[in-house]
Amino acid sequence: MGAAATNPETPSSAPGPNSPLEAVAVVDPYSSGRYLLYELKKRGVPVVCVRSSLKLGPFFLASYETHKDHFVRTVDHEADLASTIAALKSGPHTIKAVVPGCEPGVELADALSEGMGLPSNGTELTSARRDKAVMQDRLSQCGVPSAEQTKSADLEVLMTWVRDREARLGKEAAYPVVVKPTGGSGGEGVYFCASVDDLVQAHGELIGATQAGSGREVEHLALQEFLVGTEYIVDTCSLEGEHLCCAVWRYTKKKGMPWNPRCIVTQHQEILPAEGEEQEALVRYVFDVLDAVGLRHGPCHTEVMLTSRGPILVEVNARMHGVQGPLLIEKATGNGLAGYFADCMMNGWRGDGGLLREHLTAGKSGGRGRWMYPRKESSCIMMLVSHAEGYLKEEIDKQIAGLRLPSVLEVFPSVKKGGLLKQSQDLNTMAGYAIMLHPSEEKMYQDIAAIRAAEETGIYPVSQEPPMSRQASPAFSRKSSPDFTRQISPSIEKADELWAADEAGMLEDGKSLELEVTGLPADS
């Protein structure tokens, strides 16, 4: 096994004469993990970056390059846990906490924090927080409602499960079924299948494939029932086994587009008020899920389907909400996920849990028995839908800005001017997304409607002729998904790969990043 490597070239790797000698280690501080870096810098807490692997997708590695000035030191993990712990202990700072910055860092953060005797979720149930099949099995063991499923690398085992389901429910009711890598993230490699033939195709494409995000080979698949209902997200932060609900989000989705009647396209996801019958059911359920999977410290991003039989877990993600989620939560509620996370990390050595503990305590004495976050402004993340297909003639963010809508906070295009824009039918073909924020919910909905109307009339103009520079140097392709097995509803966090790469200057003008897969299906 290789030993951990310390990167001596990280900027500001040598502490100044007045620098504190205590630091925290963040494993894979990419994606929304950057908001934790900003929060820790604001608090004057030095950060040691731990890279779990140099085989992660380029979108993650690019994020490292753009944030190197936030690290006092970088340690590269090379498969030997003891060597990585020794490397962390050998530096000039005493490590007081080890946490994940994004999904690929969860397992190593658990192992390092446990191995160093620091507050930790531990390794006993790490697989229940990472493996898409094990987490459902764990819920079943604990008496928490879960999805019907099986897990295997063997196609015959998977086909037997599906045929048993057909015999029990009938062919029409047995489908679709969801197939996904057990250790995937961001919706990577998720299919839903309408037949045994679809299952065979999905198995053939997935087993042995290398996942773009983690760089790991797919060894096992989870095969699960398709959950019919409305999909929600519950973002939480936990301290010593007590859970705080930071935000509840609801997806709005649309079935079918004129150019593909079978697709399911996410329209937007919005932060709901803390109070409500559905919110109560979801939060109670998610707290039970967190207890079952052993989530005692730090944030969790839990996706849940509200079905006819109640809330059912889609998946647990033991880290912060991806993309711009932490930013929007802070702007909408006045309290940031990264701030709560830092409070948890600093508990006992620089503070006593801060605002996180204060809100947990206040929630116990409230009428609901939990913290009721304020929703100071209405907010959502809106997916931008292209009705046209061709080479983009104008920048998408400038086109949206031309509408002069007060709710639009920021726009993140997925295609640059000159890039190939597809008719939207999944995440691969979305035109981008817009961050929406306004004191008036009615006004926000009006602005959403204005963008949708503009999209129908061609706000993203295209040409059928590629620009000359593109003819000379072809761009990456953006794959569309014409067959049913790939028509799955997007988890917008997958799009962060594109913007992370773009932020680091990885994409040239007129080029777009190829995104292989989309997110978990839902029906609303």
Side-chain angles (χ1 to χ4, degrees), residues 1-120 215 297-298 319-320 338 341-351 500 503-504:
M1 289 186 179
T6 298
N7 182 353
E9 300 180 358
T10 302
S12 69
S13 60
N18 299 316
S19 296
L21 294 179
E22 296 175 328
V24 299
V26 182
V27 183
D28 296 337
Y30 317 135
S31 184
S32 58
R34 65 189 180 274
Y35 289 108
L36 179 60
L37 299 182
Y38 305 154
E39 180 68 25
L40 293 172
K41 184 175 183 179
K42 185 171 66 177
R43 298 186 184 206
V45 178
V47 176
V48 176
C49 170
V50 179
R51 294 192 287 186
S52 68
S53 171
L54 297 183
K55 295 181 180 180
L56 299 183
F59 32 87
F60 287 135
L61 301 182
S63 183
Y64 169 78
E65 294 298 328
T66 60
H67 292 90
K68 287 175 75 171
D69 61 345
H70 286 75
F71 311 132
V72 295
R73 195 159 60 99
T74 296
V75 173
D76 291 331
H77 176 65
E78 297 181 1
D80 184 358
L81 183 66
S83 295
T84 302
I85 291 175
L88 286 172
K89 290 182 174 180
S90 68
H93 297 87
T94 299
I95 303 300
K96 303 296 290 187
V98 182
V99 300
C102 65
E103 192 68 25
V106 169
E107 292 180 45
L108 182 57
D110 284 350
L112 289 172
S113 56
E114 182 180 71
M116 296 178 72
L118 300 170
S120 176
H297 300 279
R319 40 78 177 171
M320 290 195 296
F341 197 1
D343 287 341
C344 176
M345 295 168 62
M346 297 168 67
N347 179 50
W349 61 278
R350 193 183 292 187
E503 183 181 61

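Heads up: numbering here begins at 1 and tracks the sequence. These values consider heavy atoms only, across backbone and side chains, with no hydrogens, waters or symmetry-generated copies.
For the pair Val45 and Lys96, the minimum side-chain heavy-atom distance is 4.5 Å or more. At a threshold of 4.5 Å between non-hydrogen side-chain atoms, the residues Lys89 and Met116 count as touching. Within the 4.5 Å cutoff, the side chain of Asp76 has heavy atoms near those of the Leu54 side chain. Side-chain atoms of Val75 and Thr84, non-hydrogen and from C-beta on, do get closer than 4.5 Å to each other. At least one side-chain heavy atom of Val48 sits less than 4.5 Å from a side-chain heavy atom of Val72. Cys102 has its side chain within reach of Pro104: a pair of non-hydrogen atoms, C-beta onward, lies under 4.5 Å apart. Side-chain atoms of Tyr64 and Asp28, non-hydrogen and from C-beta on, never get closer than 4.5 Å to each other. Under the 4.5 Å side-chain criterion, counting only non-hydrogen atoms from C-beta, Leu36 is in contact with Val99.
Ser113 and Pro119 get closest at one heavy-atom pair: CB-O, 3.7 Å.
With rounding to the nearest 0.5 angstrom, the CG atom of Leu88 is 9.5 Å from the CG atom of Leu118. How far NE2 of His297 is from CG of Asn347: 9.0 Å, rounded to the nearest 0.5 Å. Interatomic distance, Arg350 CZ to Glu22 CD, rounded to the nearest 0.5 Å: 6.5 Å. Lys68 contributes atom NZ, which lies 7.5 Å from atom OG1 of Thr74 (distance to the nearest 0.5 angstrom). Put simply, OH on Tyr30 and SG on Cys49 are 5.0 Å apart, with the number rounded to the nearest 0.5 Å. Ser63 contributes atom OG, which lies 6.5 Å from atom CZ of Arg34 (distance to the nearest 0.5 angstrom).
Shown here are the side chain to side chain contact (heavy atoms under 4.5 Å, CB included) partners of Glu39, two or more places apart in sequence or in another chain: Lys42, Arg43, Ala338, Ala342. Residues passing the side chain to side chain contact (heavy atoms under 4.5 Å, CB included) test with Lys41, sequence neighbours excluded: His70. Applying the ring-ring contact (aromatic ring centres under 6.0 Å, His included) test to Phe341 and every residue at least two apart in sequence or in another chain returns nothing. Evaluation of the side-chain hydrogen bond (donor to acceptor under 3.5 Å, both in side chains) rule for Glu107 yields Arg130, Arg216 as partners, not counting sequence neighbours.
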Checklist entry - Can Val50 and Leu112 be said to form a side-chain contact (heavy atoms from CB on, under 4.5 Å), step by step? => result CA-CA 10 Å; Val50 179; Leu112 289 172; 4.2 Å; yes
Checklist entry - Between Val26 and Phe71, is a side-chain contact (heavy atoms from CB on, under 4.5 Å) present by the stated rule, with each step listed? => result CA-CA 10 Å; Val26 182; Phe71 311 132; over 6 Å; no
Next on the checklist: I'd like to know whether Leu21 forms a side-chain contact (heavy atoms from CB on, under 4.5 Å) with Thr94, so could you lay out the CA-CA distance, the side-chain angles of the two residues, the decisive distance to 0.1 Å, and finally the verdict.
Outcome noted: CA-CA 6 Å; Leu21 294 179; Thr94 299; 5.6 Å; no
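Checking side-chain atoms of Ser53 against main-chain N and O of Lys55 turns up a donor-acceptor pair under 3.5 Å. For Asp80 (side chain) and Ala82 (main-chain N/O), a donor-acceptor pair under 3.5 Å exists by modelled atom type. Under the 3.5 Å distance criterion, the side-chain polar atoms of Arg73 are left unmatched by any main-chain donor or acceptor of Val47.
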